[in-house]
Number of protein chains: 2
Amino acid sequence: MVLTEKHRHILLKAEELFAVRGFDGATVRDIADAAGVNLAMISYYFGSKEKLMEALFRERMTLMRIRLETLIMDDNYTPIQKVDILIDEYVNKVIQQQSFYKIMLCEQVINNNPLVLKMLRELKLSYANLVGVLIEAGQKQKIFKKDIDVMFLLNTMTGTVTQMVINKEYYKEYNNYKKLNAADFNELLRTKLSAHVKLVFKAILGYEQ
Amino acid sequence: MVLTEKHRHILLKAEELFAVRGFDGATVRDIADAAGVNLAMISYYFGSKEKLMEALFRERMTLMRIRLETLIMDDNYTPIQKVDILIDEYVNKVIQQQSFYKIMLCEQVINNNPLVLKMLRELKLSYANLVGVLIEAGQKQKIFKKDIDVMFLLNTMTGTVTQMVINKEYYKEYNNYKKLNAADFNELLRTKLSAHVKLVFKAILGYEQ
DNA sequence: GATAATTTCAAACAAATGTTTAATTTTGTT
DNA sequence: AACAAAATTAAACATTTGTTTGAAATTATC
């Protein structure tokens with residue numbers, strides 16, 4: 001399906017609502033209202049609510065895998081540099097696309113849409129495989145230690161980052177960052193998260209510097 | 001509200017359904033069927049679907065905070081021992097109560113029930129405060145390094161553990177653990193998660209041994 | 001500018017949802 | 001055994017839900 005500007009606008013508004021109310025909680029009427037279009041337009045443009053969700057996942061997930069693949073295969077970086085880039089880019093992406101990552105998280109728990117589940121599955125396994133290649137390269141160069149569990153490594157990153165994003169407001173409150181505006185706070189979070197995950201990765205992968 | 005065995009039985013079945021379909025996705029009819037009671041019994045026993053959810057949270061969350069408080073105040077353990085116990089008990093609890101932790105995760109994202117949100121908030125903040133006390137004790141003894149961000153520390157633990165539990169099946173598949181039965185696999189996960197989080201905590205808190 | 005294709009709309013539709021009702025059965029008490 | 005309280009039930013209720021319809025408005029094509 002080719003997406004027009006109208007498609008993308010509806011997807012954006014649907015995304016915001018799904019992130020706050022969940023797939024079942026956000027009604028088609030809510031989405032139509034938020035997008036400023038008639039109720040019937042959702043079915044007209046996407047076929048159904050389910051297919052709208054599928055379109056959203058297809059749209060948001062398209063670029064994810066490709067980027068990682070080019071990074072892993074890039075010969076201009078050392079394994080350590082690649083790990084740092086991987087972390088930076090992941091943290092950036094989650095902070096930039098908070099709504100979608102919240103939806104992804106819920107969809108991993110709630111078993112709603114088979115097609116969405118399949119896409120998540122493929123993304124996860126290909127991520128594990130690609131990062132596995134990176135780890136092995138680092139191990140061959142004696143930079144990373146032996147016996148790295150790729151899934152533990154990845155889930156530590158994804159879990160820490162999503163958890164911090166979900167609990168953003170508590171973090172803000174706990175550290176008295178109330179005076180910061182949303183953009184500045186996101187920037188602070190981005191910097192701290194990158195540094196933190198990098199520290200954790202050093203411990204798991206077993207390298208210094 | 002005093003909970004009878006019947007109450008608890010319905011809560012258990014509701015918990016299983018909420019974990020798989022979400023609050024909005026699990027219908028009162030589904031829950032009644034799963035519990036083997038008449039549809040009207042849900043309202044009769046709990047008042048409403050929302051109140052059933054609140055009762056579930058009240059029931060499951062009651063013991064959480066108290067346990068941590070006694071651990072932190074216990075003088076028989078060193079800070080490092082307390083950290084290890086904290087991790088072990090958290091991992092055990094999540095693996096033992098996977099359904100409820102999945103529900104908690106979704107409720108943190110989806111803003112459904114104000115009372116549930118309030119309970120989550122209180123749990124999170126009191127957890128942060130109590131662990132903060134533990135960290136400071138360790139810092140005073142020069143065991144932990146300075147400038148520990150308690151929320152980053154906690155979210156690394158909760159994020160990693162929940163992420164591993166959510167992606168259990170992928171992990172099983174990726175590592176060819178298909179032959180293991182559910183109980184054995186949970187045990188394996190428990191052991192590996194404990195060791196992994198302890199390693200990560202050592203790096204964050206900055207101690208050896 | 002006439003015609004066709006596309007987009008938009010209000011209304012209607014059937015199905016599903018949480019909750020209530022009022023009658024019936026079961027349980028407890030004396 | 002007789003009565004009262006509690007538990008259970010099938011049916012009904014009013015909303016809300018996703019989706020469709022058929023007419024109207026808009027845009028594109030010749």
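Lettering follows sequence order; numbering is per chain, from 1. Fair warning: this is a prediction, and the values are worked out from it, not measured in the lab.
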Q: For A:Phe46, report the nucleic acid contact type (base, sugar-phosphate, nothing); a contact means any heavy atom under 4.0 Å.
A: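 Touches nothing.
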Q: Below 3.5 Å between N/O atoms, which protein atoms pair up with nucleotides 17-21 of chain C? Just atom names and distances, please.
A:
{"residue": "C:dG18", "atom": "OP1", "partner": "B:Lys49", "partner atom": "NZ", "Å": "2.6"}
{"residue": "C:dG18", "atom": "OP2", "partner": "B:Val28", "partner atom": "N", "Å": "2.8"}
{"residue": "C:dG18", "atom": "N7", "partner": "B:Arg29", "partner atom": "NH1", "Å": "2.9"}
{"residue": "C:dG18", "atom": "O6", "partner": "B:Arg29", "partner atom": "NH2", "Å": "3.0"}
{"residue": "C:dT19", "atom": "OP2", "partner": "B:Lys49", "partner atom": "N", "Å": "2.8"}

Q: For A:Lys168 and A:Phe185, indicate whether the former's side chain and the latter's backbone hold a donor-acceptor pair under 3.5 Å.
A: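 No, the answer is negative, given that no donor and acceptor are paired below the 3.5 Å cut-off.
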Q: Excluding sequence neighbours, so at least two apart, what forms ring-ring contact (aromatic ring centres under 6.0 Å, His included) with A:Phe201?
A: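 A:Phe201 satisfies ring-ring contact (aromatic ring centres under 6.0 Å, His included) with no residue once adjacent residues are dropped.
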Q: Is the NZ or CZ atom of A:Lys6 positioned over A:Tyr45's six-membered ring, under 6.0 angstrom from the centre and within 45° of the axis?
A: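 No.
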Q: To the nearest Å, how far apart are A:Lys51 NZ and D:dG18 P?
A: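 Value for this atom pair: 16 Å.
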Q: Is a salt bridge present between B:Asp33 and B:Lys13, judged by a nitrogen-to-oxygen distance below 4.0 Å?
A: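 So B:Asp33 does not pair with B:Lys13 through a salt bridge.
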Q: Using the ring of each side chain (for Trp, its six-membered ring), is A:Phe23 parallel, tilted or perpendicular to A:Phe18, with breaks at 30° and 60°?
A: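 If you compare the ring of A:Phe23 with that of A:Phe18, the planes turn out tilted.
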Q: Measure from CD on B:Glu5 to P on C:dT27 and round the result to the nearest Å.
A: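 Rounding to the nearest Å, CD of B:Glu5 and P of C:dT27 are 17 Å apart.
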Q: Between A:Arg21 (CZ) and D:dT16 (C1'), how many Å, whole number?
A: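 These atoms are roughly 14 Å apart.
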Q: At less than 4.0 Å, is any side-chain N or O atom of A:Lys6 found next to OP1 or OP2 of C:dT7? Yes or no.
A: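 So the side chain of A:Lys6 is outside the cut-off, no N or O lying under 4.0 Å from OP1 or OP2 of C:dT7.
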Q: Tell me the interatomic distance from A:Met41, atom CE, to D:dT21, atom P, rounded to whole angstroms.
A: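 Checked: the CE to P distance equals 14 Å.
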Q: When the distance from NE2 of A:His9 to P of C:dT8 is rounded to whole Å, what number comes out?
A: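 Roughly 12 Å, once rounded to whole Å.
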Q: Would you tell me whether B:Asp84 and B:Tyr77 have side-chain atoms, one donor and one acceptor, within less than 3.5 Å of each other?
A: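 Note: B:Asp84 and B:Tyr77 side chains miss the donor-acceptor criterion.
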Q: Rounded to the Å, how far apart are A:Leu17 CG and D:dG18 P?
A: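 A:Leu17 atom CG is separated from D:dG18 atom P by 12 Å.
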